[in-house]
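All of these numbers come straight from a predicted model, not from anything done at the bench. Worth knowing before you read on, the calculation uses all heavy atoms, side chains too, and leaves out hydrogens, waters and symmetry mates.
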Amino acid sequence: MSTKVKSPDNLPNKPGVYIMRDSTDTIIYIGKAKNLVKRVKSYFREKLDRPKTQILMSHFDSLEYIITNSEKEALILEANLIKKHRPRYNVQLKDDKRYPYVKITNEEFPRLIITRNLTKNGVFYGPFTDTGSVKRTVKFLKSLFKIRTCRNMNGPCLNCQIDLCYAPCDGRISKSEYAEIINKIDLFFQGKYSTIVRNLKKEMNEASRNMEFEKAAVLRDQIESIEEIMEKQFVDLVDDDLDQDVIAIASGDDEVVVIIMPIRNGKIVGRDDFLMSASQYDSSSEIIFAFIQQYYGYNRHVPKQILLDEDINDKELLEDWLSDLRGNKVKIKIPQKGVKLRLVKMAKKNAEIIKHQKKKMESALIELKKYLKLEKLPRVIEGYDISNISGKFAVGSKVSFKDAKPNKKMYKHFKIETPGPNDFAMMEELLTRRLKMVDRDPEPDLIVIDGGKGQLGMACGVLDELNLSHIPIIGLAKEFEEVFTPNSKRPIIIPKNNRALHLLQQVRDESHRFAITYHRKLRSDNISASSLDDIVGIGKKRKIALLKEFETIDNIKKASIDDLAKTKGMNQKTAENVYNYYH
C-alpha cells in the first residue's frame, strides 16, 4: 500500500520505492531507495548538481512511497511499476510492445506461437528484435519436434498426414512424451544446444538397444538438424565454456542504442539491438542499469556472466537480484584485456553502426518532408500496387514503412473483385477498401502509389470521397522516377543519390514485390487444384504424398514413372496415369 506526501520530511528510514507526480497527478518518475528519506531528500537540496534533476523537480508536485522488505524487493517493484506506468523521466526500453515474443501455451499439449501480447498464461521467451529470424526459428522447431499447431484438437489433421505432427489429438503420443519435447524446446531458447544434443543422443542409443529403429532414425535426424543450424548460425570466438551476455551502448540525443550478444559454450549465438529512451543528462551507468533491470526482468535466460564496457552503480545489487533469477551466482564484469575485452569492443562497434544507420533513416525522412513540403515527418508511409494477368488472379497489396523501415506486421493482401484488365479501377477498389478501415488500421502520414498524374488523380478522388483528403499522397512514375503531387502540374525531381528518393523507391518496389508474390501463389494454388485432382487414382492422400515428395507441380511433371511409383502410397498403374496426364 502506498502513502502520498508533499515533502520528504516524514518518510521512513526503510527501503522502498518512491513515485513522483506533477500537478496533474501524472507519474513523472519512479525510483528505488535503500533508505527512502535519505534518497528523496537529495532531490530537495537548494543546489541540484544534475540538470536532469533540476528539470524533474521543476515539474514535481507530490510523491508517494511504498515500503519494501529489502533494497532487492524495491528493485523488482521499481521495474514492474516503470513497465506499467512508463514515466516521462525514467530511462526505459522504447516501444518494446513492437517486439515479438515466443510463447509456449498453457495447454495439456502446448503449442509454440509468436505473439506480441504478454499474458499470465504460458511461458514467454523474448522479446526478439528480428521478426524474420524468430519466425524461421519457430518454423524449424515445429517441423523438427512435430508439435501440434492446430487450435482445436479435432482429430488428425493434414500435418499428421504429412508427418509434421505426432497427433496427440488421436492419442499417438502420451502427455509425458510430449512434455519431454516441450522441455527440449525450452532448452533451445535457453541456448543449451549441447544439452539438447546430448539428451537426444542418449535417447537414440537407448532406442537402438531396444531395437526401436524407426524412433532412433527420427532422433538421429533431429540431432543432425540441430548440429547443422548450430554450424550455420554460431560464430566460434571464445575458448571458454562460460554462459555470457555482452552488453554495450551508443548514445544519441534523445535515445540510446543497446546491443546484446549472447555467448553460449564459447560461441556467439546472435545479436539483438534495442532502443532506450534517454536524454543527454542520463549517465551511461543509469542507462545500462535500467536496461539490465528491464531486459532480464521478464522470463529471460540469465547467464553466468554479463560483460560491460564500463562500470555501473549498484552493481552488487544487480548481481544479487540476477543470481536469484538464475538460481546460482551471476557476475557482472568489465574486462580489461584479452578475448572478453575484444567482445565488448565488438558489441560497442555494432551499437555505433546501428546508431549511425538510425541517423541516416531520420535524415531520409527529413529530406522527404522538405521535398514534398509536408507538415510533419512521414513516419508511417504506405505503398500500394496491383498485380494480375489480363485481369485474372487480380490482387492488391498494401505495405507499410515505419521510421523508414518495413513494418511487415501491417502488410495486407487484397483479392481484387473488379473485372479486368482495368488497373485504374482495380487500384481505386484497393484504396477504397483499405481506407475504409482507418478506424481499425490508423491512417498513414504518406501514401505512395506507382504511377503518374492519371493514377494520382484517381487516388485523390478516393480520398475526397472518403473525406480523407488531408492525407498526403504522391505518385512515383517509374520511367524517370518523377514524383507527382496533387494540385501541381510539374513533377518534383529528387536527385538520384538522395536518401528521400531511395526510400520512396524502396516503398514502391516492396509493394510490387508483395503484390506479385501473392499473385503467383494464387496462380500456383489454382494450378495444383485443377491438375492433380483430375488424374484417375489420385485422391487426397496421394496428392499430399506427391507434393511432399516433389514439392511443386513442375517437379511432378518432370518426374519419371519409376520415381512417381516410388512415392509413398503410389503404385505402378497410378504413376503411369500421372505421367501420361502431363505428357
Side-chain angles (χ1 to χ4, degrees), residues 75-76 78-79 82-83 90-96 99 101 125-130 133 189-191 234-235 237-238 240 242-252 255-278 282-326 329-358:
L75 173 75
I76 298 167
E78 177 196 36
I82 289 172
K83 189 170 184 65
N90 280 96
V91 179
Q92 54 196 291
L93 275 170
K94 286 190 70 175
D95 196 21
D96 58 343
Y99 300 126
Y101 290 77
Y125 305 94
F128 298 94
T129 55
D130 187 340
S133 176
F189 281 109
Q190 289 187 41
F234 304 165
V235 181
L237 190 69
V238 192
D240 195 337
L242 274 178
D243 181 16
Q244 299 170 323
D245 282 352
V246 184
I247 298 173
I249 68 170
S251 298
E255 61 186 21
V256 174
V257 174
V258 184
I259 286 288
I260 181 161
M261 297 192 318
I263 298 172
R264 307 291 180 260
N265 299 318
K267 300 173 188 287
I268 300 174
V269 299
R271 191 212 73 182
D272 270 340
D273 60 276
F274 295 86
L275 284 180
M276 299 288 289
S277 65
D282 291 299
S283 68
S284 298
S285 175
E286 285 177 293
I287 294 164
I288 295 171
F289 186 100
F291 176 76
I292 291 173
Q293 180 189 31
Q294 293 169 45
Y295 179 81
Y296 295 104
Y298 198 95
N299 193 37
R300 186 182 281 277
H301 174 64
V302 179
K304 288 183 181 178
Q305 265 190 17
I306 296 173
L307 306 181
L308 305 178
D309 65 336
E310 61 179 276
D311 211 346
I312 57 172
N313 298 327
D314 294 327
K315 185 174 73 174
E316 293 76 15
L317 175 63
L318 272 183
E319 287 177 333
D320 193 22
W321 170 64
L322 290 167
S323 299
D324 283 351
L325 291 178
R326 179 179 170 84
K329 192 67 176 174
V330 174
K331 293 294 292 180
I332 297 174
K333 293 191 173 183
I334 298 83
Q336 303 297 318
K337 60 181 181 179
V339 173
K340 292 178 181 177
L341 179 59
R342 293 210 313 272
L343 283 169
V344 168
K345 286 183 176 179
M346 182 192 298
K348 184 79 172 177
K349 186 175 180 180
N350 273 267
E352 292 289 349
I353 289 170
I354 290 173
K355 184 184 80 170
H356 180 64
Q357 288 172 341
K358 291 186 184 299

Lys/Arg N to Asp/Glu carboxylate O, Lys349 vs Glu352, below 4.0 Å: no

From Leu275, Asp282, Ile287, residue fulfilling side chain to side chain contact (heavy atoms under 4.5 Å, CB included) relative to Val256: Ile287

Reported NZ-to-CD1 distance for the pair Lys355 and Ile259, which is rounded to 0.5 angstrom: 12.5 Å

Side-chain heavy-atom pair Leu75, Phe289 within 4.5 angstrom cut-off: yes

Smallest separation among heavy atoms of Ile249 and Lys348, with atom names: O-NZ, 2.8 Å

Tyr295/Asp245 under side-chain hydrogen bond (donor to acceptor under 3.5 Å, both in side chains): CA gap, chis, key distance, verdict: CA-CA 12 Å; Tyr295 179 81; Asp245 282 352; 5.0 Å; no

Any Leu318 side-chain heavy atom under 4.5 Å of Ile312 side chain: yes

Side chain to side chain donor-acceptor pair (under 3.5 Å) partner of Gln244, the single match among Gln305, Lys331, Lys304, Lys333: Gln305

Donor-acceptor contact present, side-chain Gln92 to main-chain Ser277, <3.5 Å: no

Residue pair Gln294, Asn90: steps toward the side-chain contact (heavy atoms from CB on, under 4.5 Å) verdict: CA-CA 12 Å; Gln294 293 169 45; Asn90 280 96; over 6 Å; no

Pair Asp273-Asn350, side-chain contact (heavy atoms from CB on, under 4.5 Å): steps then yes or no: CA-CA 9 Å; Asp273 60 276; Asn350 273 267; over 6 Å; no

Leu341 versus Gln336, closest heavy-atom pair with distance: CD2-O, 3.2 Å

Parallel, tilted or perpendicular, as decided by the 30° and 60° cut-offs, for the rings of Phe291 and Phe274: tilted

Distance, nearest 0.5 Å, that separates CD1 of Ile288 from CG of Leu308: 5.5 Å

Side chain to side chain contact (heavy atoms under 4.5 Å, CB included), paired with Trp321, selected from Val302, Ile76, Asp314, Val330: Ile76

